[in-house]
Amino acid sequence: MTQNSPPRGRFAPSPSGRMHLGNVFCALLAYLAARSRGGRVVLRIEDLDPARSRREYAHQIEEDLAWLGLDWDEGGAKGGPCPPYTQSRCTALYQAVLEKLQGQGLLYPCFCSRAQLHAARAPHAADGQSVYDGRCRQLSAQEIKSLSSRHAPALRLRVPDAQWGFTDGVCGPYRQNLRTECGDFLVRRSDGVFAYQLAVVVDDARMGITHVVRGQDLLSSTPRQLYLYHLLGREAPAFFHVPLLTAPDGRRFSKREHDLDMGVLRRHCRPDEIIGALAALAGLLDKPRPALPRELIAGFAWDKVPAHSIAVPPDFLRKLEG
Ligand code: GLU
């Protein structure tokens with residue numbers, strides 16, 4: 001893309017449950033970031049994991065986004081010029097990229113069980129995720145043959161002992177040593193499911209996404225993804241990792257809790273009340289007042305958005321009771 005072409009942003013929900021207040025917060029900021037610069041918004045359904053994804057949730061996500069006034073230009077029922085917009089239909093694309101990496105000698109099979117991986121967990125891994133100790137990196141061809149006859153392996157990407165960093169549009173400079181803080185990472189699981197890290201890069205690159213807006217829980221994935229962009233010879237987008245929403249006591253909300261999902265929110269609030277409350281939390285309004293997403297476009301600026309987690313005020317939560 002050229003410097004002046006309008007941005008392409010995206011909503012990339014996983015249909016493993018109903019959308020949650022935190023997902024809506026993220027979608028609102030992704031929408032405003034794109035729309036405030038005349039850009040387009042793509043909806044991509046990230047249903048890679050067949051055990052966790054359900055088509056009904058994907059439909060519900062589209063319906064909830066539309067109800068909230070978070071409109072998009074491509075993907076979902078709208079279609080568009082970069083199909084497929086649903087990851088479960090992209091396996092041939094991921095396979096082609098995987099073969100390219102394999103051809104460069106960058107992948108190796110990993111036979112480690114969950115228990116072995118757990119035991120090998122490094123204590124200081126970034127954000128508590130495990131750093132793989134590389135035990136399958138050195139397997140001989142003979143060992144691979146014999147192990148393969150018993151189990152299907154996962155596939156890992158070898159990473160260099162090098163720093164990989166970037167400047168996040170919300171969090172500022174961030175870097176990691178790929179070897180010591182990330183470790184060789186999975187690109188395909190042993191059950192054949194492609195890993196999020198690979199799929200998200202392939203899709204953002206082929207869809208021409210220029211602005212990735214997502215939760216800070218994914219900040220530490222970004223150096224791995226940048227390394228993949230580098231290997232694939234693709235330009236990386238700009239990243240904006242937005243703060244996570246917490247309960248008033250600082251506890252993190254999760255999708256498993258139904259207390260803040262769209263079902264509950266829709267029973268107690270109008271769309272402009274939800275959006276207005278989130279806009280106030282994002283620093284875009286002085287105080288909560290009803291507002292629709294399109295009414296916030298003109299006043300949007302990243303420098304208003306706080307960099308650290310945000311507690312949802314008790315009065316908003318009280319509104320959802322009863
Ligand atoms: N599908 C991921 C989620 O719902 C988001 C991935 C991304 O934005 O890169 O958490």
Side-chain angles (χ1 to χ4, degrees), residues 7-34 39 41-62 64-65 68 70 72 74-76 82 84-90 94 127 129 166 168-171 174 182 185-187 189 193-229 232 234 236-245 252-257 260-262 309:
R8 282 174 68 79
R10 40 65 152 199
F11 303 144
S14 301
S16 57
R18 194 95 188 242
M19 273 202 302
H20 203 266
L21 193 65
N23 305 126
V24 179
F25 184 69
C26 196
L28 173 64
L29 291 173
Y31 167 96
L32 294 173
V41 180
V42 172
L43 170 64
R44 183 175 68 235
I45 300 296
E46 301 212 323
D47 59 347
L48 277 175
D49 188 343
R52 297 181 58 227
S53 307
R54 288 219 230 124
R55 193 176 298 211
E56 307 86 87
Y57 286 134
H59 290 311
Q60 187 70 65
I61 288 168
E62 284 199 49
D64 284 335
L65 287 169
L68 287 159
L70 292 165
W72 65 97
E74 296 171 32
C82 309
Y85 289 92
T86 300
Q87 289 191 323
S88 58
R89 302 208 191 112
C90 299
Y94 307 142
D127 72 11
Q129 281 169 22
F166 70 108
D168 187 80
V170 177
C171 306
Y174 183 82
C182 305
F185 61 90
L186 290 178
V187 288
R189 296 190 329 206
V193 173
F194 289 94
Y196 157 71
Q197 307 292 357
L198 180 83
V200 77
V201 169
V202 171
D203 286 331
D204 281 336
R206 73 182 178 84
M207 292 178 173
I209 300 300
T210 60
H211 288 62
V212 168
V213 178
R214 61 188 179 194
Q216 279 173 12
D217 51 336
L218 290 168
L219 180 65
S220 67
S221 287
T222 310
R224 276 170 276 181
Q225 293 173 15
L226 289 171
Y227 182 55
L228 279 170
Y229 278 101
L232 300 176
R234 304 297 295 254
F239 290 94
F240 300 82
H241 287 90
V242 305
L244 300 176
L245 301 185
R252 202 180 139 187
F253 293 123
S254 84
K255 222 182 212 178
R256 278 176 283 281
E257 294 170 83
L260 283 181
D261 80 10
M262 281 300 293
S309 9

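Counting starts at 1 for both ligands and their atoms, in listed order. Start at 1 with the first residue, then count along the sequence. Side-chain atoms are counted along with the backbone in the values below, which use heavy atoms only and exclude waters and symmetry mates.
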> With heavy-atom distances below 4.0 Å as the criterion, list the atoms of ligand 1 near Tyr196.
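In order of number, 6 (C), 7 (C), 9 (O).
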> What atoms in ligand 1 come closer than 4.0 Å to a heavy atom of Glu46?
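Those of ligand 1 that fall under 4.0 Å from Glu46 are 1 (N), 2 (C), 5 (C), 6 (C).
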> Numbering the atoms of ligand 1 from 1, which are under 4.0 Å from a heavy atom of Arg10?
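Those qualifying, in numeric order: 7 (C), 8 (O), 9 (O).
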> Who pairs with Arg189 by salt bridge (charged side-chain N to carboxylate O under 4.0 Å, His left out), at least two apart in sequence or on another chain?
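So Arg189 forms a salt bridge (charged side-chain N to carboxylate O under 4.0 Å, His left out) with Asp49, Asp191.
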> What atoms of ligand 1 come within less than 4.0 Å of a heavy atom belonging to Ser14?
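Every atom of ligand 1 under 4.0 Å from some heavy atom of Ser14: 1 (N), 2 (C), 3 (C), 4 (O).
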> Any side-chain donor-acceptor pair under 3.5 Å between Thr222 and Arg214?
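There is such a pair (donor and acceptor under 3.5 Å, judged by atom type) between the side chains of Thr222 and Arg214.
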> If we ignore angles and hydrogens, is there a donor and acceptor under 3.5 Å between the side chains of His211 and Arg8?
no
> Where does Leu218 meet ligand 1, judged by heavy-atom distances below 4.0 Å: at the side chain, the backbone, both, or neither?
side chain
> Polar-atom distance check: Ala12 versus ligand 1, any N or O pair below 3.5 Å?
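Min N/O separation from ligand 1 is below 3.5 Å for Ala12.
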> Are Glu46 and Tyr196 linked by a side-chain donor-acceptor pair shorter than 3.5 Å?
no
> Just which atoms of ligand 1 are under 4.0 Å from any heavy atom in Val200?
9 (O)
> Using the salt bridge (charged side-chain N to carboxylate O under 4.0 Å, His left out) criterion, which residues pair with Arg54? Sequence neighbours excluded.
Glu56
